[in-house]
Amino acid sequence: MQKNEHKIDHIVPGSIAEELEIKSGDILTAVNHTTIEDVFDYHYQMNEEYVTVTIRKPDGEEWEYEIEKEYEEDVGIGFENGLMDDYRSCSNHCIFCFIDQMPKGMRKTLYFKDDDSRLSFLQGNYVTLTNMTDHDIDRIITYKLAPINVSVQTMNPQLRCRMLHNRFAGEALKKMRRLYEAGITMNGQIVLCKGINDKEELERSIRELTEYIPHMQSVSVVPAGLTRYRDGLYPLEQFTKQEAAEVLQMIHRWQETCMEQFGMHFVHASDEWYLLADQELPPEESYDGYVQLENGVGMLRLLQDEFREAMRAQETCLPRQDTISIATGELAAPFIRTLTQEFMQRYPQKNIQVFAIRNDFFGEQITVAGLLTGQDILRQLKGKPLGERLLLPCSLLRSGEEVFLDDMTVEELKKALQVKIVIVNSNGQDLYQALLSERHMDPVVERDSTWIQE
């Protein structure tokens with residue numbers, strides 16, 4: 001199939017497309033006599049009251065449909081690839097790249113290095129801007145795609161080239177200026193590497209990024225994740241407790257400055273820094289509305305506040321006595337234990353045990369729950385008295401499926417451990433209800449409709 005021609009995968013029942021007898025297998029060649037590069041061109045052209053759609057039938061005959069509809073009304077055409085184009089892979093070789101630190105033999109999709117600005121808008125992915133052309137920037141500005149999430153790493157052009165192993169990486173920083181001048185909302189991310197882009201370099205990066213306020217609405221600082229599969233890779237080291245405290249000290253100082261000048265905290269530390277430094281999480285107002293929640297910034301604070309609010313709102317009840325287990329990563333386990341202890345003080349008939357799962361698969365330095373595998377959970381919980389049900393965070397699973405990173409299924413884990421499993425969404429309300437619930441649910445995997453992973 002020629003580029004900019006798009007095979008129709010399905011037609012929505014009852015839609016305009018079905019009424020016009022557009023079929024699965026037909027080829028979309030143009031909208032409003034304009035070739036369609038990807039989903040953004042498609043929606044930009046279709047968001048009108050009068051559109052002309054050109055379709056080529058399987059026999060080669062071209063049909064032109066003139067459609068009158070409501071503004072932004074969907075005509076009901078679906079494509080096999082939601083992006084309507086090839087996904088753009090990353091051309092960098094970052095010294096901290098997690099994919100380069102993965103073992104062989106895992107499913108192919110885990111080795112794909114995404115660096116597609118369109119997915120930044122659609123799914124919140126972070127992109128380096130290195131494979132974006134002027135044409136790509138023009139389209140973002142024309143279609144007002146926002147927010148665009150940028151993997152900044154450093155504002156030092158030469159250092160950025162070295163960190164990304166790409167001689168164009170420093171020049172790519174100028175693209176942020178174009179987006180800023182066009183009023184495109186951005187978020188930034190700095191993956192901090194010890195001895196590389198920390199200390200004075202981090203100071204410089206934060207200072208220069210404040211120049212993009214207000215269109216750069218936030219910047220997160222996260223520590224590089226280091227697995228045990230780093231043979232032949234750049235020799236990076238973990239941050240110590242004292243070094244984590246120093247990172248937080250710098251970030252807090254900049255937050256005070258930004259609040260005074262711009263009325264926002266702007267730069268945020270991911271939760272790992274507070275746990276590593278053994279410091280209290282900042283209050284809710286420090287997160288500026290949790291703008292970088294999906295990047296691990298404020299997730300534990302929000303979980304804690306939602307959990308306690310759910311407990312305050314719950315009317316007094318007398319749940320029956322039972323034992324519940326929770327498995328999570330080593331980093332968050334002490335935090336979760338604190339919440340469960342508060343819960344057991346109110347409901348002494350509940351016995352809740354929290355298991356901190358050591359990450360043997362990727363290495364003990366990886367302590368977040370989202371990178372645990374089914375085999376590590378099975379190996380460390382096998383033979384233990386888990387009670388009536390085992391709670392697992394939804395971040396352990398492949399999006400939309402009951403499958404762990406190592407392709408073990410929840411069903412397989414349930415059979416091996418001989419325990420009912422509840423997959424809990426990442427918010428305090430759902431955790432509280434999962435601890436309190438006494439309902440008989442699905443015998444394979446207990447899952448409330450509100451607990452389904454987004």
Side-chain angles (χ1 to χ4, degrees), residues 222-223 225-228 238-241 244 248 269-282 293 296-308 310-311 323-345 347 350-397 404-406 408 410 413 417 419 421-436 451 453:
V222 303
L226 306 180
T227 80
R228 63 188 178 96
Q238 289 283 96
F239 286 91
T240 65
K241 177 179 179 179
L248 289 175
S270 64
D271 294 350
E272 297 104 305
W273 294 111
Y274 293 97
L275 298 178
L276 181 59
D278 194 21
Q279 293 187 16
E280 288 289 327
L281 295 169
L293 190 64
V297 176
M299 189 171 291
L300 292 180
R301 164 55 66 190
L302 183 59
L303 175 71
Q304 175 179 282
D305 290 351
E306 290 175 337
F307 186 90
R308 290 173 174 170
M311 193 153 57
T323 296
I324 304 168
S325 296
I326 300 174
T328 188
E330 291 186 307
L331 195 65
F335 182 85
I336 299 298
R337 285 195 187 100
T338 299
L339 296 183
T340 58
Q341 287 167 2
E342 294 175 10
F343 184 87
M344 287 187 289
Q345 286 178 359
Y347 302 109
K350 293 283 188 178
N351 177 36
I352 304 168
Q353 47 193 5
V354 178
F355 292 94
I357 304 300
R358 183 182 62 255
N359 200 321
D360 294 328
F361 187 87
F362 285 114
E364 294 185 28
Q365 294 187 45
I366 300 298
T367 57
V368 295
L371 292 174
L372 291 174
T373 58
Q375 59 187 276
D376 280 344
I377 298 172
L378 173 58
R379 188 179 301 111
Q380 295 173 48
L381 295 187
K382 186 72 173 177
K384 287 185 167 45
L386 300 176
E388 296 193 1
R389 56 189 183 275
L390 171 65
L391 310 188
L392 299 176
C394 66
S395 60
L396 291 172
L397 304 179
F404 298 97
L405 275 173
D406 56 354
M408 178 183 287
V410 175
L413 181 64
L417 293 177
V419 67
I421 293 178
V422 178
I423 305 301
V424 184
N425 208 352
S426 300
N427 66 72
Q429 174 71 34
D430 290 342
L431 176 59
Y432 178 81
Q433 291 298 329
L435 294 175
L436 193 63
W451 299 338
Q453 182 179 356

R389 (side chain) donor-acceptor with A434 (main chain) under 3.5 angstrom: yes

Check against side chain to side chain contact (heavy atoms under 4.5 Å, CB included), K350 and L435: CA-CA 9 Å; K350 293 283 188 178; L435 294 175; over 6 Å; no

Atom pair CD/CE of Q345 and M311 - distance to nearest 0.5 Å: 8.0 Å

CA sep, side-chain torsions, deciding dist, call: V422, I324, side chain to side chain contact (heavy atoms under 4.5 Å, CB included): CA-CA 10 Å; V422 178; I324 304 168; over 6 Å; no

Gap between atom CG of L413 and atom CG of L417 - 0.5 Å precision: 4.5 Å

Check against side-chain hydrogen bond (donor to acceptor under 3.5 Å, both in side chains), T373 and Q375: CA-CA 5 Å; T373 58; Q375 59 187 276; 4.6 Å; no

Straight-line distance of N425 CG to L303 CG, nearest 0.5 Å: 10.5 Å

Any donor-acceptor N/O pair, D430 side chain to V424 backbone, under 3.5 Å: no

I366 versus N359, closest heavy-atom pair with distance: O-CB, 3.1 Å

Parallel, tilted or perpendicular: ring planes of Y347 versus Y432, cut at 30 and 60 degrees: tilted

Enumerate, atom names and distances included, each donor-acceptor pair closer than 3.5 Å involving a side-chain atom of residues 331-341, sequence neighbours excluded.
| residue | atom | partner | partner atom | Å |
| --- | --- | --- | --- | --- |
| R337 | NH2 | V354 | O | 3.2 |
| T338 | OG1 | P334 | O | 3.2 |
| T340 | OG1 | I336 | O | 3.3 |
| T340 | OG1 | R337 | O | 2.8 |

Any side-chain heavy-atom pair of L396 and I377 under 4.5 Å: yes

Any F361 side-chain heavy atom under 4.5 Å of T227 side chain: no

Value rounded to 0.5 Å, distance of CG in L397 from CZ in F404: 5.5 Å

Heavy-atom pair of closest approach, residues R358 and Q380: O-NE2, 2.6 Å

Full working for side chain to side chain contact (heavy atoms under 4.5 Å, CB included) between L372 and L392: CA-CA 11 Å; L372 291 174; L392 299 176; over 6 Å; no

D360 backbone acceptor or donor facing D376 side chain under 3.5 Å: yes

Pairwise distance CG(L276) to OG1(T240) - rounded to 0.5 angstrom: 7.5 Å

D271 side chain to V297 backbone, donor-acceptor under 3.5 Å: no

Check: R228 side chain, E364 main-chain N or O, donor-acceptor pair, under 3.5 Å: no

Exercise: identify the closest heavy-atom pair between A327 and I357: CB-CG1, 4.0 Å

From CZ (F239) to CH2 (W273), nearest 0.5 Å: 4.0 Å

Backbone N/O of V222 and side chain of S270: donor-acceptor pair under 3.5 Å: no

Side chain to side chain contact (heavy atoms under 4.5 Å, CB included) between L300 and L275, worked out: CA-CA 10 Å; L300 292 180; L275 298 178; 3.6 Å; yes

Closest non-hydrogen atom pair, E272 against P223: CB-CG, 4.0 Å

Taking every non-hydrogen atom, the tightest pair across Y274 and L281: CB-CD2, 3.8 Å

Which atom of L405 lies closest to which atom of F362, heavy atoms considered: CD1-CE1, 3.9 Å

